[in-house]
Amino acid sequence: MTPRRSGGSIAAQLWRFSILFCMLSGIAAPAPALDFTAEERRRILRHGPWPPILQPDPSNRVSAKPAAIAFGHALFFEPRLSISGAVSCATCHRPDRAFTDGLPRSRGHRTGDRNAPSLFNLRFNRWFGWDGAQDSLWAQNLRPLLDRREMGVGSGGAARLVRSDRELSCGYRRAFGEASGADDERVFVDLGKALAAFLETQVTGRTPFDDFRDALAQGDAAGRARYPAAAARGLRLFVGRGNCAFCHFGPAFTNGEFADAGVPHFIEPDRVDPGRHGGIRKLRRSPHTLLGRFNDDAERSTAAKTRHVRLRQSNFGEFRVPGLRNAALTAPYMHAGSLATLADVARHYSTLDEERLHAGGERILRRLDLSAREVADLVAFLATLTEKKPLHEFVEKSENVLCR
Ligand code: HEC
Ligand code: HEC
């Protein structure tokens, strides 16, 4: 029912009375809630519940182990894991910036080609990196240690540091239940696993959207009415005409796969980022995949997706669909940080050049021609995916004593 604000009907008087009542009792008058169709409700409910239940990672024998989480936490803030002694994971993944650096393309020893993604909700990913060049979180954590533009300490350098430093070697022993052995490569991979144990714990907290979604599921009209009207209109676009939820699917707002979202992928005028195409090629060359000797899952069931991956021409220019929880905190956007704000992202989908997209298969993305109000509505919706209270703690290394 849409209440009328003028006129003398009983309904209108009751409405005025309820507004007065709400004001007197200190509660804001609820705006009339947008009605969703049964199909829209079904689509909205798929984006929850939140938070999900975390399962340990079978490919990592120290996943969910408290001593490994503490060790990984210390490693995350450790600049001695870089050749200069000046760059740590937290240089580009700053806890006070939702684990990003705020730059279009991140900078360690030199500026790289891509935007530093936020590090929340990683346990739910199948692939890691914008191009999915890694098939596990622990393997992904090794990449910056090998790349000289980022940290570049290398496997030998990292293993030597752990063996020679009293606190780190103690942290290793507690996490893995034995002293770091003579196999550099194994110690190195174990650092990736401890870092993974730490990062898995970084899950985003509940958001206004989650409250709305649960109110919708429970038929709680008062809870629904608390959701801002503009966000509700943006949500309708997101699951409806915008078709955003096709790729930004499920509780984490990503289907975990790769797509061409029409973002130009030139790094320099004569150098292009091959995206998923390059990612699959790197994956095949890597000694650190789930098919190799470092996977702790004896059954190898975790390796099925890696075994079945196929290289196709259409992978060129595809990037991983990012999750959208906390997106309002992680500007700039897209794989090379080419869009500064969420409004720019909405306008990108609005004015998309369909000719640039892959023609293969059914067309998912269409130029949306959104009005200024629709752009604002989408942004209002995306803003409600921001956690109200972090589930994770931003504790710096100094407070995280490993061994005393
Ligand atoms: C110089 C900046 C820089 C440093 C230092 C750095 N990263 Fe990153 N990180 C990035 C960039 C850029 C990407 C995206 C890489 C890509 O797609 O090729 C990334 C991606 C990731 C991802 C993948 C996230 C996802 O959604 O798939 C993880 C996990 C990660 N980094 C963890 C770490 C850890 C752990 C360290 C320290 C050992 C670290 N990073 C150090 C810049 C950095
Ligand atoms: C065909 C799949 C697909 C559809 C449909 C889609 N997206 Fe995306 N989205 C992506 C991919 C892939 C990226 C990353 C592209 C890149 O970096 O080149 C992305 C990036 C984003 C980002 C930036 C996130 C970040 O951390 O950088 C936002 C925000 C976003 N999309 C919102 C939307 C909205 C809103 C819609 C609907 C209007 C939408 N998407 C529709 C695949 C899709």
Side-chain angles (χ1 to χ4, degrees), residues 72 75-79 81-82 87-93 99-101 103 105-122 125 127-134 137-145 147 149-153 158 191-192 195-196 198-199 234 237-238 241-249 253-255 257-265 273 275-276 278-279 282 317-324 326-328 330-339 342 344-346 348-350 352 357 363-366 368 370 374 378-379 381-382 385:
L75 294 171
F76 193 80
F77 294 96
E78 181 52 76
L81 285 173
S82 67
V87 182
S88 75
C89 309
T91 305
C92 303
H93 301 289
F99 286 117
T100 65
D101 53 13
L103 301 170
R105 296 199 264 140
S106 69
R107 185 175 176 83
H109 298 117
R110 276 189 284 134
T111 300
D113 295 338
R114 294 189 183 150
N115 178 256
S118 146
L119 302 181
F120 293 115
N121 308 330
L122 291 170
N125 287 8
W127 303 103
F128 297 84
W130 284 103
D131 56 4
Q134 284 72 227
L137 180 53
W138 49 267
Q140 170 67 44
N141 295 337
L142 303 174
R143 191 195 53 85
L145 301 174
D147 188 334
R149 292 175 307 177
E150 300 197 354
M151 297 166 76
V153 69
L191 298 186
L195 281 162
F198 164 61
L199 289 175
L237 261 173
F238 192 87
R241 184 163 77 85
N243 209 10
C244 316
F246 186 94
C247 298
H248 298 284
F249 181 82
F253 291 85
T254 167
N255 59 9
E257 289 300 324
F258 303 83
D260 179 353
V263 180
H265 47 107
D273 188 330
R276 181 61 174 150
K282 280 191 201 154
E318 286 183 343
F319 292 89
R320 209 188 68 224
V321 178
L324 300 180
N326 271 0
T330 66
Y333 302 99
M334 304 305 188
H335 68 272
S338 54
L339 299 176
L342 286 175
D344 291 338
V345 175
H348 161 77
Y349 288 110
S350 177
L352 196 73
L357 296 172
R363 274 271 173 82
I364 302 157
L365 275 173
R366 298 220 168 265
L368 293 174
L370 303 173
E374 286 171 322
L378 260 184
V379 174
F381 161 63
L382 292 169
L385 299 179

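In listed order, ligands and their atoms are each counted from 1.
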| message | So, 4.0 Å and heavy atoms of Phe381: is ligand 2 close enough to count as a contact? | response |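 No heavy atom of Phe381 comes that close to ligand 2.
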| said: With heavy-atom distances below 4.0 Å as the criterion, list the atoms of ligand 1 near Leu137. | reply: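 Result: 29 (C).
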| message | According to side-chain contact (heavy atoms from CB on, under 4.5 Å), who are the partners of Asn125, at least two apart in sequence or on a separate chain? | response |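 Partners of Asn125 under the side-chain contact (heavy atoms from CB on, under 4.5 Å) test: Leu122, Phe128, Arg320.
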Considering only heavy atoms, does [X] approach ligand 1 within less than 4.0 Å through its side chain, its backbone, both, or neither?
X      : answer
Ser82  : neither
Leu75  : neither
Arg107 : backbone
Leu81  : neither

| query | With sequence neighbours left out, what residues match His348 under ring pair (Phe, Tyr, Trp, His ring centres under 6.0 Å)? | reply |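 By the ring pair (Phe, Tyr, Trp, His ring centres under 6.0 Å) rule, His348 matches no residue at all.
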| query | For atom 20 (C) of ligand 2, what's the nearest protein heavy atom and its distance? | reply |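 It is Met334 SD, 3.3 Å.
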| query | At what distance is the nearest protein heavy atom to atom 26 (O) of ligand 1, and which residue and atom is it? | reply |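 Here the closest protein heavy atom is Arg320 NH2, 2.9 Å.
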| request: Please say whether Gly129 places an N or O atom under 3.5 Å from an N or O atom belonging to ligand 1. | output: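 Yes; the residue has a nitrogen or oxygen that sits under 3.5 Å from a nitrogen or oxygen of the ligand.
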| query | Taking N or O atoms only and a 3.5 Å limit, does Trp130 qualify as a polar contact for ligand 1? | reply |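 Yes, Trp130 has an N/O under 3.5 Å of an N/O on ligand 1.
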Can you list the ligand 2 atoms lying under 4.0 Å from a non-hydrogen atom of [X]?
X      : result
His335 : 16 (C), 17 (O), 18 (O)
Val263 : 16 (C), 18 (O)
Leu342 : 29 (C)
Leu368 : 38 (C)

| said: Against ligand 1, does Asp101 come closer than 4.0 Å with any heavy atom? | reply: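 In this structure, Asp101 fails to qualify as a contact of ligand 1 - no heavy atom is under 4.0 Å.
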| query | Is ligand 2 under 4.0 Å from a heavy atom in the side chain of Leu339, in the backbone, in both, or in neither? | reply |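 It is neither part, as no heavy atom is under 4.0 Å.
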| Do you know how many protein N, O or S atoms are within a distance smaller than 2.8 Å of atom 8 (Fe) of ligand 1? |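 Total protein N/O/S atoms under 2.8 Å from atom 8 (Fe) of ligand 1: 1.
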| So, do Phe76 and Phe99 have ring centers that fall under 6.0 Å from each other? |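 Yes, they do, as the ring centres are separated by less than 6.0 Å.
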| Shell of protein N/O/S atoms around atom 8 (Fe) of ligand 2, taken as anything under 2.8 Å |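 N, O, S partners closer than 2.8 Å: His248 NE2, Tyr349 OH.
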